[in-house]
**Q** 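Take this structure first; my questions come after.
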Amino acid sequence: MANSSGPHNREVPAHPADPLAAPQPRADGIAARAMAARQTNAPAYMEGLNAEQRLAVETINGPVLVLAGAGTGKTRVLTTRIAHILAMGHATAGQILSVTFTNKAAREMKARIGAYIGDSVEGMTWLGTFHAICVKILRHHAELVGLKSSFSILDADDQVRLIKQIIQAEGLDEKRWTAKTFAGLLDSWKNRGLTPSQISAGEAQGFANGLGRKLYETYQERLKILNACDFGDLLLHCITIFKEHDDVLKRFQHRFRYMLVDEYQDTNIAQYMWLRLLAQGNPNVACVGDDDQSIYGWRGAEVDNILRFEQDFPGAVVVRLERNYRSTSYILSAASHLIAHNQGRLGKTLFTDQIESEDEEKVQVTSAWDSQEEARSIGDEIEALQGHGHCLNEMAILVRASFQMREFEDRFVTLGLNYRVIGGPRFYERMEIRDALAYFRCVMQTSDDLAFERIVNTPKRGLGEATLKIVHAYARKRSVPLMIAAAELVQTNELRPKARAVLADVLGMLENWRNRVETISHTELAEIILDESGYTQMWRQDRSAEAPGRLDNLKELIRSMEEFESMAGFLEHISLVMDKDSNAVEDAVSIMTLHSAKGLEFDSVFLPGWEEGVFPNQRALDETGQAGLEEERRLAYVGLTRGRKRVKIWFTSNRRIHGSWQSCIPSRFLDELPADSVEVVEASNSYSGYGLNSAGGGYGANRFDNSDPFQSKYSTPGWQRARKAQASGQQYGRMHGGNQSRRAKKAGPMTIEGELVAKSVTEAGSDFAVGERIFHMKFGYGLIGDIEGNKLTVDFEKSGQKKVLDSFVERA
DNA sequence: TTCTGAGTGCTTTTT
DNA sequence: GCACTCAGAA
């Protein structure tokens, strides 16, 4: 706030006096000169751009929407655009607002811009995530929303603990109204930019018998007292400031001469409002996104934002990037056909210039008996590829849900195959890291009650709930933070002598460290804190298996602090940037969810678990119906388009879900792939070929029955180990409990619905006739309207016209 | 205060 | 089927 409008006015004297007025293109203006320059000799950074990309880069003034399909050079366009704006002198680095969703994306963008413009990228102070940028704004204007500029940012864990306290204080049944549920609600309200007074009566009513609004209000009040805010507040407070303080808003509108938003399809309503406010004075907004890759609807992303862009920003230039530079034509065709089943798209068709070559592989679809066999089969494929010189870093297994990962990990451990799991519990979420950070937070901010609660009895000091209750009550009575309350309490006789002494000791230590903040380096102080508090000692004495790892993590934490100037700077970073670069250089297969794969690409992509219920996920279908299905389909699209050279899909006939075995139906998405881009791997190629072999020969075959048809093919070390284990009766024997055991399969062919793909691919004709009345398990009774192979078009009495497979219906 | 057993509920996840 | 949470006993 201090460095307000002065500096950049000088830098860009041509800026109109009224910041709300749209800049007028002038014949002698920079844009015109840029155009002229382009005709003569295009700058180096433009080289290699195709016509559409170039249009997206050069259309600098006015709103632009870039619809960038997967692999069409989206990041390239964004970074080049920034380089172009800077090179043409339209703005200085500090006048460009460039927003991403993840820190990773921000880092990558910065690095790539740096490659074009060198060190001046450091001047891009407004390149970052929505949240990081909001924090920056808020630190300057915190007092406008009742916070001090030193406010702390709560993470999900703190948030839930705080809500829990509030729910308890209200005397609500914590089982019926859980803190987690309310945290979810809060999030959804904040995602939509709603303050307590703005939530609809219905929604306020929905939680805890109408206490929803009150709880929200109480929560916000508590945050103010704690001088803290949650992630949603970062945006919400900014919006409030922008709305209520026109001078502040104007200053930012004036500052941000150009705005760029990455992954626009992922913006939620609050982010959209934020952006709209800033864009009011200045329409130079470029949003880049792909409606087909919108996969975060469940967390508040509004595809509508992208679909509505042209209405929101009149005169917007829409550029479609459809030329794909990543995948083979088979992969693109598969992805395009699949996504074409979605309604409500802006519509793009990916194409490639790559000439179809002999060795291009079709998208492969393979069946497996169960998830174990799936993992084994994929493991073998990976080893085969590795044997042909492909590196593991170029392979990824993308799953729908993280429970699927385990099977692969187990298998790869057996095989001795290097892998890394991406996502999952992150560094900062580990208990020891959170504890250490809580200590630091207590030192840095006496009002951080949540941190204090966390460490006051960690390591165990004999301060029980009883003592804490007294402190809490006192703090509430006096309206002071816990640490202050505790400090006052130890002067009195209200506590038991022992508790009083221990508490005084803890407070003494904190005070001591606090006094040293200015005098010694923050890393040194951190070490002292962990040491003197007895925290490291606690883990050293811990005999459990994970204790050494935790000590390592603490060391790593201190090491990572070195990059920061101060403790405060470090804490700020850690609350916003919770990921830590995994600096693994080792060659390893990546295992991750489809969600976390967005934005990445690999030569070989393995997509297991394409079964109804898993993918598309049953819950998504149940909870959000058609919209849910379409989002699942987009997820499938994202998965397919991650692959450069080969994509291999698996589905299993049986899967254990919530502990019990279920037979599975192949995913409907398989049927939506174009037959001529897909190669269905037959039974002989798979272990038991369940479901793909319509002739029935493969059914029930047990790969351990006799050693034959596979022997030649499966001689990898892992396979041999598996056989050995089988021979000695270990491991595989216990896997199939209950009556779905391997023995049951051995009994011979079984009729399971696993034939869907097989039939739709191989079989022609159906023994039903048009006009017949049939019954379907899910849709009830209906009349057959049309027959196409084994697919029937049925007019159901209750659920209207549907296409179903003949194997799912019977004559009524 | 800490250990133990019963009970529950289970996508996706960034900031 | 497993992992996590919470109530009650030592």
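Lettering of chains follows the sequences in order, A, B, ..., and the numbering in each one begins at 1. On a predicted model such as this, the values are computed, not experimentally measured, just so you know.
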**Q** Where the side chain of A:R619 is concerned, which of B:dT14, B:dC10, B:dT1 is the nearest nucleotide?
**A**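 Taking heavy atoms from C-beta onward, the closest nucleotide is B:dC10.
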**Q** Would you mind reading off the distance between A:L621 atom CG and B:dT12 atom C1', rounded to a whole angstrom?
**A**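 So the two atoms are 13 Å apart, to the nearest Å.
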**Q** By nearest heavy atom, map A:N457 and A:E632 onto DNA chain B; which one lands nearer the 5' end?
**A**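 Its nearest nucleotide being more 5', the pick is A:N457.
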**Q** Could you list where the contact with chain A starts and ends along DNA chain C, reading 5' to 3', using a 4.0 Å heavy-atom cut-off?
**A**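 Here the contact window of chain A covers C:dG1 to C:dC6.
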**Q** Is the NZ atom of A:K224 crowded by more than 12 outside heavy atoms at less than 6.0 Å?
**A**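 Counting neighbours around NZ of A:K224, 12 or fewer heavy atoms of other residues, nucleotides or ligands fall under 6.0 Å, so no.
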**Q** Considering every strand and a 4.0 Å limit on heavy-atom distances, what is the contact class for A:A156: base, sugar-phosphate, or nothing?
**A**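 A:A156: no heavy atom of the nucleic acid under 4.0 Å.
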**Q** With heavy atoms under 4.0 Å as the rule, sort A:E623 into base, sugar-phosphate or nothing.
**A**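 Contact class for A:E623: base.
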**Q** Residues two or more places apart in sequence or in another chain: which of them pass salt bridge (charged side-chain N to carboxylate O under 4.0 Å, His left out) with A:R161?
**A**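 With sequence neighbours excluded, A:R161 shows a salt bridge (charged side-chain N to carboxylate O under 4.0 Å, His left out) to A:D157, A:D158, given in chain and number order.
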**Q** Tell me what A:S660 touches on the nucleic acid: a base, only sugar-phosphate, or nothing, going by heavy atoms under 4.0 Å.
**A**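 Answer is nothing: A:S660 stays at 4.0 Å or more from every strand.
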**Q** NA contact type, A:K498, heavy-atom cut-off 4.0 Å: base, sugar-phosphate, or nothing?
**A**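 Nothing, no heavy atom under 4.0 Å.
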**Q** Among the nucleotides B:dT12, B:dT11, B:dT15, which one has an atom lying closest to any side-chain atom of A:S402?
**A**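 For the A:S402 side chain, the nearest candidate turns out to be B:dT12.
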**Q** Under the criterion ring pair (Phe, Tyr, Trp, His ring centres under 6.0 Å), I'd like the reasoning laid out for A:Y296 against A:H595: C-alpha separation, chi angles, the key distance, then a yes or no.
**A** CA-CA 8 Å; A:Y296 286 110; A:H595 282 94; 5.3 Å; yes
**Q** Side chain of A:W298 only, please: which of B:dT15, B:dT13, B:dC10 is the nearest?
**A**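 Minimum distance to the A:W298 side chain belongs to B:dT13.
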**Q** Given B:dT14, B:dT12, B:dT15, identify the nucleotide with an atom nearest to the side chain of A:L576.
**A**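 Of B:dT14, B:dT12, B:dT15, B:dT15 is nearest to the side chain of A:L576.
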**Q** Identify whether the glycosidic angle of B:dT12 places it syn (within 90° of 0) or anti.
**A**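 Base orientation: anti.
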**Q** Considering only side-chain heavy atoms of A:F231, which listed nucleotide, B:dT13, B:dT15, B:dT11, is closest?
**A**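 Ranking B:dT13, B:dT15, B:dT11 by closest atom to the A:F231 side chain puts B:dT15 first.
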**Q** From NE2 of A:H573 over to C1' of B:dT14, roughly how many Å is that when rounded to an integer?
**A**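 After rounding, the gap between these two atoms is 15 Å.
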**Q** Does one side chain, of A:Y264 or A:D290, offer a donor that lies under 3.5 Å from an acceptor on the other?
**A**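 No pair is found: no donor N or O on one side chain lies under 3.5 Å from an acceptor on the other.
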**Q** Less than 4.0 Å between a side-chain N and a carboxylate O, is that true for A:R345 and A:E630?
**A**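 So A:E630 does not pair with A:R345 through a salt bridge.
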**Q** Check whether any side-chain N or O of A:N103 sits under 4.0 Å from OP1 or OP2 of B:dT15, and answer yes or no.
**A**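 Answer yes for this pair, as a side-chain N or O of A:N103 is under 4.0 Å from OP1 or OP2.
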**Q** Without decimals, in angstroms, what is the distance between A:E631 CD and B:dT13 P?
**A**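 After rounding, the reported distance stands at 13 Å.
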**Q** Taking atom types as modelled, find out whether A:E407 and A:S371 have a side-chain donor-acceptor pair closer than 3.5 angstrom.
**A**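 Yes, A:S371 and A:E407 have a side-chain donor paired with an acceptor closer than 3.5 Å.
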**Q** Could you work out which one of B:dT13, B:dC10, B:dT2 sits closest to the side chain of A:K460?
**A**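 Nearest nucleotide to the side chain: B:dT2.
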**Q** Stepwise, does the side chain to side chain contact (heavy atoms under 4.5 Å, CB included) test hold for A:D448 with A:L482?
**A** CA-CA 8 Å; A:D448 202 329; A:L482 288 178; over 6 Å; no
**Q** Between A:I295 and A:T467, name the one whose nearest nucleotide on DNA chain B is closer to the 5' end.
**A**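 Here A:T467 is the residue nearer the 5' end.
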**Q** A:M592 CE to B:dT14 P: how many Å, rounded?
**A**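 Between P of B:dT14 and CE of A:M592: 12 Å.
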**Q** What distance do A:L147 atom CG and A:L223 atom CG have between them, rounded to the nearest 0.5 Å?
**A**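 Between A:L147 CG and A:L223 CG, I get 8.0 Å after rounding to 0.5 Å.
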**Q** With respect to the side chain of A:S596, which nucleotide from B:dT15, B:dT13, B:dT11 is positioned closest?
**A**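 The nucleotide sitting nearest to the side chain is B:dT13.
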**Q** Identify which nucleotide among B:dT11, B:dT2, B:dT13 has an atom closest to any side-chain atom of A:R400, counting heavy atoms from C-beta outward.
**A**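 That would be B:dT11.
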**Q** Which nucleotide in the list B:dT11, B:dT13, B:dT15 gets nearest to the side chain of A:Y296?
**A**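 Selected nucleotide: B:dT13.
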**Q** Starting from C1' on B:dT12, measure out to CG on A:L607 and report it in whole angstrom.
**A**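 From A:L607 CG to B:dT12 C1': 16 Å.
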**Q** For B:dT13, take OP1 and OP2 only and decide whether either is under 4.0 Å from a side-chain N or O of A:T593.
**A**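 Checking A:T593 against B:dT13: at least one side-chain N or O falls below 4.0 Å of OP1 or OP2.
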**Q** Does the side-chain ring of A:H658 lie flat on the base of B:dC10, meaning centres under 5.5 Å and planes less than 30 degrees apart?
**A**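 Per 5.5 Å and 30° rule: yes, stacked.
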**Q** With the side chain of A:T129 defined as its heavy atoms from C-beta on, choose the nearest nucleotide among B:dT14, B:dT11, B:dT15.
**A**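 Ranking B:dT14, B:dT11, B:dT15 by closest atom to the A:T129 side chain puts B:dT15 first.
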**Q** Anything under 30° is parallel, anything over 60° is perpendicular, the rest tilted; go ahead and classify A:F101 against A:F130.
**A**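 Rings of A:F101 and A:F130: perpendicular, as their planes differ by over 60°.
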**Q** Whole angstrom is fine here: how far is it from CD1 in A:I657 over to C1' in B:dT11?
**A**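 To the nearest whole Å, that distance equals 12 Å.
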**Q** Could you state the atom-to-atom distance from CG of A:D266 to C1' of B:dT15 in whole Å?
**A**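 Rounded to the whole Å, the gap is 13 Å.
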**Q** How far, in whole Å, is B:dT11 from C:dC4 if one measures between their P atoms?
**A**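 After rounding to an integer number of Å, I get 15 Å for this pair.
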**Q** Can you tell me the distance, in whole Å, between the CG atom of A:D157 and the P atom of B:dT14?
**A**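 It is 16 Å, rounded to the nearest whole Å.
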